[in-house]
S.K.: 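Dropping a structure here in structure tokens format, bear with me for questions.
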Amino acid sequence: MLPEIDDFIQIPQCSFSLQLNLIFAFFQFKANPPAVTFKLTGETDGIFHIQPDGLLYYNGTLDRETRAVHKLEVSALDEHGATVEGPVTITIEVKDINDNRPMFLQSKYEGSVRQNSRPGKPFMYVNATDLDDPASPNGQLIYQIVIQLPKINDVMYFQINNKTGGISLTLEGSRELDPVKNPSYSLVVSVKDMGGQNENSFSDSASVDVMVKENIWKAPETVEIVENSTDPHPIKITQVRWNEPDAQYSLVYKEMLPRFPFLIDQEGDIYVTQPLDREEKDSYVFYAIAKDENGKPLSYPLQINVKVKDINDNPPTCPSTVTVFEVQENEKIGSSIGTLVARDMDEENTINSVLGYRIVDQSPKSPREGLFLVELYTGMFQLAKQSLRKQDSPQYHLTVEVSDKDFKTLCHVQIHVIDINDQIPIFEKSDYGNLTLAEDTAVGSTILTIQATDADEPFTGSSKILYRITQGDSEGRLGIDTDPQTNAGYVKVKKPLDFETAAVHNIVFHAENPEPLVSGVEYNASSFAAFKLIVTDVDEVPQFSQQVFQAKVSEDVAIGTKVGNVTAKDPEGLGVRYSLRGDTRGWLKINPTTGEIFSAAPLDRETESLYRVQVLATEVGGSSLSSTANFHLTLTDVNDNPPRLVKEYTGLFFCYPLKAPGSLIFEATDDDQKSFRGPQFTFSLGSKSLQSDWEVSKVNGSHARLSTKHTGFEERVYNIPIRINDGGRPPLEGTVSLPVTFCTCMEGTCFRPAGHLAGIPTVGMAVGILVTTFLVLGEYDFSDPKVSVLGLRNMSSPQAQCLLYDNALSVVLATRFQPFDPEFSLLGIILAIVFIRMKNKGKDSVKSAQASEVKPLRN
């Protein structure tokens, strides 16, 4: 029977000469009698044959490009040529080999690109074909640019997509292409099959000529728009164009504006949509963007600059309602009085904002008209014809016309005539006599009032009087304040008076004006006055040179070391005796004569780092007055405290038995001053004999880990000595003990049995009490009235239960606070038997018990 052939039969494509008479057999058919031979039909192309015994073979050259699939049929024939089986369909697929080279569709390509085109976007394509199977590597084509001419600075300006053949600019090409420098480029591109990965792959090449066109995507020149235009809007003001049609345009503003008066259409024309006001905003900056059909930018945005041109649409404005100038009387002709500065909102430095000034009125016109003139373009006022006198007129009012080329505005100017300082201050008297004051007169006290007058205009710099002392007070112990209303001078004590320094002061006052006198006028004796100040002696306390004396020493200085000194003087020249007050620790002593302070006992920074005492200075003789100052002694640290544990570690334990080596963390400290790096302790075991069982390792400068080295520890408390070194100067070392308990654990907590406690019954006592109680109760019939003497009528009564509970508690306490004893298992059996017996006996007397329960208890 002929087999069913469902699959393709793949035969490699071969190239050989039929003259070789080669035969390739590839399948054997068999049939059952009466079949004696086979017949092959279909797309044999004279290549495929079958022998009478059913051997299928081919003897020619297969070409996949001519016929990729051959469909054949095989039938089994009898000796008469009649079909007895079949036909069976056979599909022969010719497997491709790389026997065709790729070919470009054109030997020469031409294209063009705009300068500054977007890198990576193809501007042209090259195409090649290959007759081999495109689904196999034989037909997979790879493109490559092999030559670029010219190649400036060895930089490639062009690139090709190796799969699609799309040619585009590189980033450098987008930046550097310039039709002025190089209007055209020649490229040689190649194509390879086999994905270009096989050294036996075929290839082809073609030339590409690329013309460089000028980029028309350029920012336009600055656009000028006349403000307040009355033309119909929108008005086209400029345009942008992308290098290719069908671009989508949009505008983006650079700054947030309350209104954006511009738009762009899809031709790239830009419009202003409404009139602009230069005084509101004189320029605009925004961007034009071109995008492709997918909304992606085609290139960088273009900056659009718009300047709003000014027109003269604003009149001049005055700086204020009235502008006031001052001028002193007797000023020379031509002297500058002041400048009027008007404003114009139109654009600066244009004809629209050039202003002219002209005086159109003067009031009053006495002593004559035209006393003032104004410079035409600067607005500066000057005296024109004569000096002014205040008695003629204390002020003048001027009306000034300010104009630009189209508008006029009237501004008002007021000119005040100021009195000149031609009068000197004159004291009401030249001698204020003698004044006697004690040297302890309070600072700030007013001791004298002086008075001078000035004939110049009141409340001006010409009439204001300032007083100063020119003689008799070289140390500045006195000061003078002037009353602004009356010009009276108040002489005050500014620094403490001192009899010992000067007992008599011959004071000279000088009265003067803050404004300088006019030329030809001088101060004379009328502006001076004198008085004599006599200072009387007062017994004063000694005075320290400063109120706080400070010193710094190391805390380990030897007793008797000088740590500081204080000084005080008695104003009367008496001797001074020193003593200490507040030396609560007894650390210091002072030399009563010199004020030198010495250490009197060991100092300790850890107890008190800043030690404060008071120093008492008492005058020797006289009234024995005294004063105090403070002495602050700062103690610097030395390493004089060994390390210690930061706390008492009493709860360190491991669960017994230890299943695996464990560790505990502990912390150390010392009382010395901490460095900025913190403690730097080192840790070690205090005994070498423990090194086989324990290990100490440093965690950081203040913490260490104590670890076990094995698990074979007993159930008890181990006291582990730890040696801690602080690494100081000099280094100090301390040995501490860490108690570590190995104990039975319950729910992660150490359970440690306790010894016998006072007041707690022993196990034997507890058992005796409980058993005796059960035996006694068991011998009684609780229905017997005689039993009532015990106050117990029923085993289930509260009284019986209470008695049982009290005795049972004794057993519980004994077992709780005594070590476990295996004999308690036997005790448990005995107690269980006793309870069962009592329970049964209670059942037998339920009725009598119920009767007795209703009776009250008797005493």
S.K.: Using modelled atom types only, decide if a donor and an acceptor are shared between the side chain of Asn487 and the backbone of Ser463 within a distance under 3.5 Å.
M.R.: yes
S.K.: Would you find a donor on one side and an acceptor on the other, under 3.5 Å apart, between the side chain of Thr486 and the backbone of Ala488?
M.R.: yes
S.K.: Checking side-chain contact (heavy atoms from CB on, under 4.5 Å) for the pair Lys218/Ile216: CA distance, chi angles, key distance, verdict?
M.R.: CA-CA 6 Å; Lys218 295 181 178 179; Ile216 62 174; over 6 Å; no
S.K.: Would you say the ring centroid of Tyr377 lies under 6.0 angstrom from that of Tyr357?
M.R.: no
S.K.: What are the two closest heavy atoms between Ser190 and Val146, and how far apart are they?
M.R.: OG-CG1, 3.7 Å
S.K.: With no hydrogens and no angle check, just 3.5 Å: does a side-chain donor-acceptor pair link His416 and Gln414?
M.R.: yes
S.K.: Would you say that more than 12 heavy atoms from the other residues, nucleotides or ligands in this model lie under 6.0 Å from the CD of Glu348, or not?
M.R.: no
S.K.: Looking at Gly165, is its backbone amide N or carbonyl O close enough to the side chain of Asn161 to form a donor-acceptor pair, meaning the two atoms are under 3.5 Å apart?
M.R.: no
S.K.: To check you understand the geometry: which heavy-atom pair defines the closest contact between Asp454 and Ser462, and what is its length?
M.R.: OD2-O, 3.3 Å
S.K.: Report, as yes or no, whether the 6.0 Å neighbourhood of atom NZ on Lys408 holds more than 12 heavy atoms from other residues, nucleotides or ligands.
M.R.: no
S.K.: Is atom NZ of Lys405 surrounded by more than 12 heavy atoms (other residues, nucleotides or ligands) closer than 6.0 Å?
M.R.: yes
S.K.: Determine whether Pro514 and Lys464 make a side-chain contact, defined as any pair of heavy atoms from C-beta on separated by less than 4.5 Å.
M.R.: yes
S.K.: Decide if atom CG of Asn153 counts as having more than 12 heavy atoms of other residues, nucleotides or ligands within a radius under 6.0 Å.
M.R.: no
S.K.: Is the shortest side-chain heavy-atom distance between His412 and Cys318 below 4.5 Å?
M.R.: no
S.K.: Taking all atoms of both residues into account, what is the closest heavy-atom pair of Gln362 and Gly370, and its distance?
M.R.: OE1-N, 3.1 Å
S.K.: Is the backbone N or O of Tyr249 less than 3.5 Å from a side-chain atom of Gln266, with the two atoms forming a donor-acceptor pair by type?
M.R.: yes
S.K.: Okay, side chain of Gln106, backbone of Lys108: is any donor-acceptor separation there less than 3.5 Å?
M.R.: yes
S.K.: For Thr164 and Tyr143, which heavy atoms make the closest approach, and how far apart are they?
M.R.: C-CE1, 4.2 Å
S.K.: Does Ile147 reach the side chain of Ile145, with side-chain heavy atoms less than 4.5 Å apart?
M.R.: no
S.K.: Could you tell me the separation between the CD atom of Glu176 and the NZ atom of Lys181, rounded to the nearest 0.5 Å?
M.R.: 6.5 Å
S.K.: Are Thr409 and Thr317 close enough that some pair of their side-chain heavy atoms sits under 4.5 Å apart?
M.R.: no
S.K.: Are Arg389 and Glu329 within salt-bridge range, i.e. N to O under 4.0 Å?
M.R.: no
S.K.: Using a strict cut-off of less than 4.0 Å between a Lys/Arg side-chain nitrogen and an Asp/Glu carboxylate oxygen, indicate whether Glu227 and Lys309 qualify as a salt bridge.
M.R.: no
S.K.: Applying the side chain to side chain contact (heavy atoms under 4.5 Å, CB included) criterion to Asp346, which one of Asn352, Ile311, Val354 satisfies it?
M.R.: Asn352
S.K.: Going by heavy atoms in the side chains, are Leu388 and Val327 under 4.5 Å from each other?
M.R.: yes
S.K.: Would you give the length of the straight line joining atom CG of Leu276 to atom OG of Ser283, rounded to the nearest 0.5 angstrom?
M.R.: 11.0 Å
S.K.: State whether the side chain of Asp473 and the backbone N or O of Leu478 hold a donor-acceptor pair below 3.5 Å, judged by distance alone.
M.R.: yes
S.K.: So Tyr109 and Phe104, would you call those rings parallel, tilted or perpendicular, with 30° and 60° as cut-offs?
M.R.: perpendicular
S.K.: Go through the steps to decide whether Arg114 and Glu214 satisfy the test salt bridge (Lys or Arg N to Asp or Glu O under 4.0 Å), and finish with yes or no.
M.R.: CA-CA 6 Å; Arg114 294 277 184 184; Glu214 183 182 6; over 6 Å; no
S.K.: Keeping the roles fixed (side chain from Arg118, backbone from Tyr300), state whether a donor-acceptor pair exists under 3.5 Å.
M.R.: no
S.K.: Apply side-chain contact (heavy atoms from CB on, under 4.5 Å) to residues Lys291 and Ile289 and explain how you reach the verdict.
M.R.: CA-CA 7 Å; Lys291 298 181 179 179; Ile289 298 176; 3.9 Å; yes
S.K.: For the atom pair CD1 (Ile507) and CZ (Arg477), what is the distance rounded to the nearest 0.5 Å?
M.R.: 11.0 Å
S.K.: Using a 3.5 Å distance criterion without hydrogens, assess whether the side chain of Ser527 forms a donor-acceptor pair with backbone atoms of Ile426.
M.R.: no
S.K.: Are the side chains of Phe427 and Gln451 in touch, meaning some heavy atoms are under 4.5 Å apart?
M.R.: no
S.K.: Kindly say whether Gly433 contributes a backbone atom to a donor-acceptor pair with the side chain of Asp431 at under 3.5 angstrom?
M.R.: yes
S.K.: How far does CD1 of Ile167 sit from CG of Leu169, to the nearest 0.5 angstrom?
M.R.: 10.5 Å
S.K.: List the residues meeting ring pair (Phe, Tyr, Trp, His ring centres under 6.0 Å) with His510, not counting sequence neighbours, and say none if there are none.
M.R.: Tyr523, Phe528
S.K.: Counting only heavy atoms not in Lys332, do more than 12 sit closer than 6.0 Å to its NZ atom?
M.R.: no
S.K.: As an exercise, state the distance from CG of Leu340 to OG1 of Thr323, rounded to the nearest 0.5 Å.
M.R.: 5.0 Å
S.K.: May I ask you to decide whether Asp282 forms a salt bridge with Lys307, counting only side-chain N to carboxylate O separations under 4.0 Å?
M.R.: no
S.K.: Please determine whether the number of non-hydrogen atoms from other residues, nucleotides or ligands lying under 6.0 Å from atom CD of Gln303 exceeds 12.
M.R.: yes
S.K.: Answer with yes or no after comparing the ring centroid distance for Phe509 and Tyr467 against a 6.0 Å cut-off, counting only values under it.
M.R.: no
S.K.: Counting only heavy atoms from other residues, nucleotides and ligands, does the tally under 6.0 Å from CG of Asp246 exceed 12?
M.R.: no
S.K.: Passes side-chain contact (heavy atoms from CB on, under 4.5 Å), Val126 versus Ile160? Steps please.
M.R.: CA-CA 9 Å; Val126 295; Ile160 189 168; 3.8 Å; yes
S.K.: In sequence, state the C-alpha distance, the side-chain angles, and the governing distance for Glu347 and Asn349, and then conclude on side-chain hydrogen bond (donor to acceptor under 3.5 Å, both in side chains).
M.R.: CA-CA 7 Å; Glu347 185 175 4; Asn349 302 320; over 6 Å; no
S.K.: Taking all non-hydrogen atoms of both residues into account, name the closest pair between Met345 and Arg278 and its distance.
M.R.: O-NH2, 2.6 Å
S.K.: Should the pair Asp419-Lys390 be classified as a salt bridge under the 4.0 Å nitrogen-to-oxygen rule?
M.R.: no
S.K.: Determine whether Leu177 and Tyr157 satisfy the following criterion, side-chain contact (heavy atoms from CB on, under 4.5 Å), listing intermediate values before the conclusion.
M.R.: CA-CA 8 Å; Leu177 279 189; Tyr157 289 166; 3.8 Å; yes
S.K.: Please examine the side chains of Val341 and Pro319, heavy atoms only from C-beta on, and report whether any two atoms are closer than 4.5 Å.
M.R.: no
S.K.: Compare all side-chain heavy atoms of Lys121 with those of Lys296 and state whether any distance is below 4.5 angstrom.
M.R.: no
S.K.: For the residue pair Phe286 and Phe260, categorise the inter-ring angle as parallel (less than 30°), tilted (30 to 60°) or perpendicular (more than 60°).
M.R.: perpendicular
S.K.: Are Lys281 and Tyr284 in a cation-pi contact, defined as NZ or CZ under 6.0 Å from the six-membered ring centre and within 45° of the axis?
M.R.: yes
S.K.: Has the side chain of Asp456 got a donor or acceptor atom that lies under 3.5 Å from a matching backbone atom of Asn421?
M.R.: no
S.K.: Quick one: closest heavy-atom pair of Val188 and Ser205, and the distance?
M.R.: CG1-CB, 4.4 Å
S.K.: Calculate, to the nearest 0.5 Å, the distance between atoms OG1 and CD belonging to Thr460 and Gln328 respectively.
M.R.: 9.5 Å
S.K.: Around atom CD of Glu279, are there more than 12 heavy atoms from other residues, nucleotides or ligands closer than 6.0 Å?
M.R.: yes
